[in-house]
Amino acid sequence: MRDVTAEGESVLELLPLVFADPGDARARAEQVLRAGPPALHASVAHQVLGIWQRDFGDLRIALRHLRRARDLAARAESADREADVLATLGVALVHAGRTRQGLTSFERGVARGTGHTRARVLFRRAYVWWVLGHHREALEDVRRALPVLRQVGDDIWTARALTLRATVHLALGAVDRAVADFTAAERLWDTTGQEHDKADAVESRGLAAFRCGDIPASLRLLDEAEERYAKLGTPTYMLSIRRCEVLMAAGLAPEALAEADATIALLDRIGGQSTRKAELLLAAARAARSAGDAHTAIARAAVAVRLFSAQRRTWWETHARLVLIEARVAAGRRSGRLVADAAAVAGRLASFGSPAAPEASLLAGRIALSLGWTADAERHLAVAARSRHGGPPPARVTGWAAQALRARAAGSRRGVLEACRRGLDVLDDHGMTLGASELRAHATAQGAELAALAQEVSLTHGTPRRLLQWSERWRATVLSAPPTRPPADPALLSGLTAYREIAARAEEARMEGRPVPALEREQRRLEREIRSRIRHMRGAAPHEGDRFEVGRLLDRLGEACLVELAVVDGRVHVLLCGQGRVRRFAGGSLAEAVAEAEYVQAGLRRLAHPGAEARLPLVEAAGLRLQKLLLGGAAARLGSGPVVIVPPGALHRVPWALLPALRERVLSVSPSAGSWLRARETDPPPGGRPVLVRGPGLATGGAEVPELADRYGTATVLEGDRAQVPRVLEHLDGAALAHLAAHGTFRADSPLFSALRMADGPLIVHDFERLARSPYRIILSSCDTARLASVGADELLGLVTALLPLGTAGVVASSAPVNDAAVVPLMLALHKGLDTGVSLAEALRDARATLPEDPVHQATGWAFAAFGAA
């Protein structure tokens, strides 16, 4: 009798084991069934296999196991056993989209179960209510189950119930209650061996951190949860859904879309949960909408709506309808029907207590405004504007956007500007919590509408000074924040070293014509790991920052003039700053200017090689067209002093020295006027010898470096095996002048992995961010080092913009591929000019004048630009 009892207890232990070690539980359940067990034990084994298939495999197989488990429990005449299986079956049926059958199974389970078993059934029904979006019913079932679970000392199920209640609280926006429940649950999990449940708890804390506005902590916790799941060999569908939400809030919508689509494909392959597929489709639709792909968003959202409707998940269906309407509006649709649909969605979301309700009201108001329905718009926008005083940063930004639109409709210029200022202040404070410059840059996208509204009002009702103020308010804000240095994280440093080694091996294989797919896969894996660790960094506490002042700019300009290009409603407006005033001139179409700039870039790439002389007149003619589009009447009013150009992100690739009015001038470029001011006021470090670096593989071998070493005498020269990244960084830190002759590569897909090739592999932007202070002046004798990626509202990511906040006051870099041989005389002439004590911009202007007049040398001179103010 004791042996039978012991065997029964051993079989029953498989149920908690399925969430401690799912793979072992599955193997042991299969072993039990092979032994021909009695009905009761077979019921447990089939239930374990059903749970495994339900959560990690094929739902059709799961349902077969669970129905068999139910029948065996009935044959064993164990009411509690049958109730327990009915609850598990009910969850599986709901996940399969058979909501009515699932709820019926729960009704039978609640009726059959008693005491402790009934409490567990109630907990699982609460989970199903949460899946269906019936949050009040979920909280009620948890309220009934928790006292019984606590009374019998069932720590595992008590912790599960607390975790579920916390998750429901998050869905309702009650973050403090959720955090309290998650904390209590985690204390209980620490006393158990439930490794899968513990991973789920870490995932849930990641969700709570996100709801509290802490994106770095959320990403760190979600990554930790993924590592735990990986050790258990279990899929992570829910985690993918949550990470998509966090990535979108961080402005990384394309990344979120890729993750959602990949997880949907995996679910389809294994026949996984229909409920999770619907949620992933909703995540994909949101991501596509945020990424500007309205048609993909419509397609994904429409399927999600159909699935949620079939699954009787009204809460989820309503959220999917909101995304569908937003995507249709983004695709250019406007109608009274859409206003009514958006208003109805807003009402339903509000009745659910959803934090997305203000977003729907803002959408209804925005559509009504576009149709000229001012009274309807005011009603909806007033509701949306209530969210500006509380809740997470995105909700408050939504509220201030609604308030700005209300003020514009009412004709209140002051009201528009005040709402825009308040909303952008919220976004600034939120951005300061993000340590990674990539995340800060992408997060600014949420403020694009506010900034555009303020610029529009400033253009039509304000002065050129006010338009300048608002043009500066939202461009290059990442550069105004003190950088967060990456932590001295051994895993991060190890990852960077491994990345360099793999990247160097891949480059060597390409040059030798050997296959590289395996190396490229490993390189991408290491990139993901490095990016992930960098994103975990928290930023400094919110601060006032270095606010831009027009008067201070005009005082510091002296004889120079600064040309800031503001874009309002697709047109370029030229703000000419100098001689104590700001003047505005009309430019041309931004779209035409971007197309012309791309044409010029193609021409410069061709001119980098001999034999393209016939293209030189075409490129010069394009330069004249660019001048008319970008400078307009300001070209004749630049005066005789130095010129500073501040372009928007879309125009960062313009070779400004090619424009006829700028060709003979002392010319520098800056991401913002504020950035130029900070560079102008940056003091050079005391002492410090020049640093000269020569990377491998240059056609000329970096021929200028030996001559420069002779010129400077005391310079530190790093070449050959000495030009390895750790040593290069050591000598660059705090240098007064650095010259790096190396192959440069720009990564449009991941700009912070743009690199200079050193002896041991790539020196990437993340490496520069580890410097205590980057060199005061840097000359990058490389291709493509001035290329940048335009992200967020009007932010730029790349090598140059990474250096400017780190203490570098001036950079010379190229925005196009250049001819190695033609670079050498340009660089030597540039340094000769620096010897006379002039700025980088003056030295570069004079160096261009010394070049031969053939097309290759002329194109090389135009490709390089001076950035900053040193």
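FYI, side chains are in, hydrogens and waters are out, and symmetry mates aren't considered; it's all heavy atoms of this structure. Positions are given from 1, in the same order as the sequence printed here.
- Under the 4.5 Å side-chain criterion, counting only non-hydrogen atoms from C-beta, R510 is in contact with E520.
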Original post:
Stepwise, does the side-chain contact (heavy atoms from CB on, under 4.5 Å) test hold for L369 with L381?
Top reply: CA-CA 10 Å; L369 275 179; L381 293 173; 3.9 Å; yes
Original post:
Should E522 and L526 be marked as a side-chain contact (heavy atoms from CB on, under 4.5 Å) after you check the CA-CA gap, both sets of side-chain angles, and the distance that decides it?
Top reply: CA-CA 6 Å; E522 178 63 7; L526 288 166; 3.9 Å; yes
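- In terms of the ring pair (Phe, Tyr, Trp, His ring centres under 6.0 Å) criterion, F210 has no residue partners (sequence neighbours excluded).
- Checked by atom type and distance alone, the side chain of S240 pairs as donor or acceptor with a backbone atom of T236 at under 3.5 Å.
- Between S274 and L59, the shortest heavy-atom contact is N-CD1, 3.9 Å.
- Residues V128 and L132 are in side-chain contact: their nearest non-hydrogen atoms beyond the backbone lie under 4.5 Å apart.
- Residues passing the ring pair (Phe, Tyr, Trp, His ring centres under 6.0 Å) test with F182, sequence neighbours excluded: none.
- Counting only distance, with no hydrogens or angles, the side chain of T99 and the backbone of Q311 share a donor-acceptor pair below 3.5 Å.
- The stretch residues 346-364 participates, sequence neighbours left out, in these salt bridge (Lys or Arg N to Asp or Glu O under 4.0 Å) pairs: R289-E359.
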Subject >> side-chain contact (heavy atoms from CB on, under 4.5 Å) assessment of F753 paired with V765 >> reply: CA-CA 6 Å; F753 281 92; V765 173; over 6 Å; no
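- S354 places no side-chain N or O within 3.5 Å of a backbone atom of A350 that could act as its donor or acceptor partner.
- Not less than 6.0 angstrom separates the ring centroid of H319 from the ring centroid of F352.
- Within the 4.5 Å cutoff, the side chain of R313 has heavy atoms near those of the E279 side chain.
- A heavy-atom distance below 4.5 Å is found between the side chains of H196 and F56.
- Here the side chains of F308 and W315 are not in contact, with every heavy-atom distance at 4.5 Å or above.
- With values rounded to the nearest 0.5 angstrom, I530 atom CD1 is found 5.0 Å from I764 atom CD1.
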Subject >> Candidate pair R473 and D428, rule salt bridge (Lys or Arg N to Asp or Glu O under 4.0 Å), full reasoning >> reply: CA-CA 10 Å; R473 180 65 181 82; D428 283 349; 3.0 Å; yes
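- Within 6.0 Å of CZ on R525 lie more than 12 heavy atoms contributed by other residues, nucleotides or ligands.
- Considering every non-hydrogen atom in both V383 and S361, the closest pair reads CG1-OG, 3.5 Å.
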Subject >> Residues E529, R533; criterion salt bridge (Lys or Arg N to Asp or Glu O under 4.0 Å); working and verdict >> reply: CA-CA 6 Å; E529 196 173 283; R533 288 194 170 273; 5.3 Å; no
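- P751 approaches S754 most closely through the heavy-atom pair O-OG, 2.7 Å.
- S387 places a side-chain N or O within 3.5 Å of a backbone atom of A395 that can act as its donor or acceptor partner.
- S309 places no side-chain N or O within donor-acceptor distance of the main-chain N or O of V305, the cut-off being under 3.5 Å.
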**OP:** Could you give me the CA-CA distance, side-chain angles and deciding distance for D55 and Q273, then say whether side-chain contact (heavy atoms from CB on, under 4.5 Å) is met?
**Re:** CA-CA 8 Å; D55 290 354; Q273 298 172 356; 3.5 Å; yes
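- You'll find the side chain of L651 reaches within 4.5 Å of the side chain of L590, heavy atoms only.
- T275 meets the side-chain hydrogen bond (donor to acceptor under 3.5 Å, both in side chains) test with H95; sequence neighbours excluded.
- By the 4.5 Å heavy-atom criterion applied to side chains, R220 and P216 are not counted as neighbours.
- The distance from the CG atom of D214 to the CG atom of L221 is 8.5 Å, given to the nearest 0.5 Å.
- Between atom CG of residue D341 and atom CG of residue L322 there is a gap of 11.5 Å, rounded to the nearest 0.5 Å.
- For H134, the ring pair (Phe, Tyr, Trp, His ring centres under 6.0 Å) partners two or more places apart in sequence, or in a different chain, are W129.
- We find that R524 and E527 are not joined by a salt bridge, their nearest charged nitrogen and carboxylate oxygen being 4.0 Å or further apart.
- Evaluation of the salt bridge (Lys or Arg N to Asp or Glu O under 4.0 Å) test over residues 290-310, restricted to residues two or more places apart or in two chains, returns D261-R300.
- Atom CD1 of I298 is separated from atom CD1 of I325 by 11.5 Å, given to the nearest 0.5 angstrom.
- In terms of heavy atoms, H135 sits closest to A171 at NE2-CB, 3.6 Å.
- For H380, there are no ring pair (Phe, Tyr, Trp, His ring centres under 6.0 Å) partners two or more places apart in sequence or in a different chain.
- Salt bridge annotation for D268-K277: present, with a cationic side-chain nitrogen under 4.0 angstrom from a carboxylate oxygen.
- Screening residues 233-243 for salt bridge (Lys or Arg N to Asp or Glu O under 4.0 Å), with sequence neighbours left out, gives E203-R242, D223-R243, E226-R243, R243-E259.
- R211 meets the salt bridge (Lys or Arg N to Asp or Glu O under 4.0 Å) test with E245; sequence neighbours excluded.
- Residues passing the side-chain hydrogen bond (donor to acceptor under 3.5 Å, both in side chains) test with R60, sequence neighbours excluded: D58.
- Distance check, rounded to the nearest 0.5 Å: OH of Y229 to CD of E224 gives 11.0 Å.
- Taking each heavy atom of T296 and A288 in turn, the nearest pair found is CG2-CB, 3.8 Å.
- Using modelled atom types, one side-chain atom of W316 and one backbone atom of V131 make a donor-acceptor pair closer than 3.5 Å.
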**OP:** Report the C-alpha separation of D197 and R228 in whole Å, then their side-chain angles, then the decisive distance to 0.1 Å, and conclude whether the salt bridge (Lys or Arg N to Asp or Glu O under 4.0 Å) test is met.
**Re:** CA-CA 10 Å; D197 281 314; R228 289 174 178 246; over 6 Å; no
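- Atom OG1 of T263 and atom CD1 of I241 lie 8.0 Å apart (nearest 0.5 Å).
- Of all the heavy atoms in A284 and L257, the pair that sits closest is O-CD1, 3.5 Å.
- Here E592 pairs with nothing under the salt bridge (Lys or Arg N to Asp or Glu O under 4.0 Å) rule; sequence neighbours left out.
- Scanning for side-chain hydrogen bond (donor to acceptor under 3.5 Å, both in side chains) contacts around D767 gives R500, R770, with sequence neighbours left out.
- Two residues are said to be in side-chain contact when any heavy atoms from C-beta on lie closer than 4.5 Å; L405 and E449 meet this criterion.
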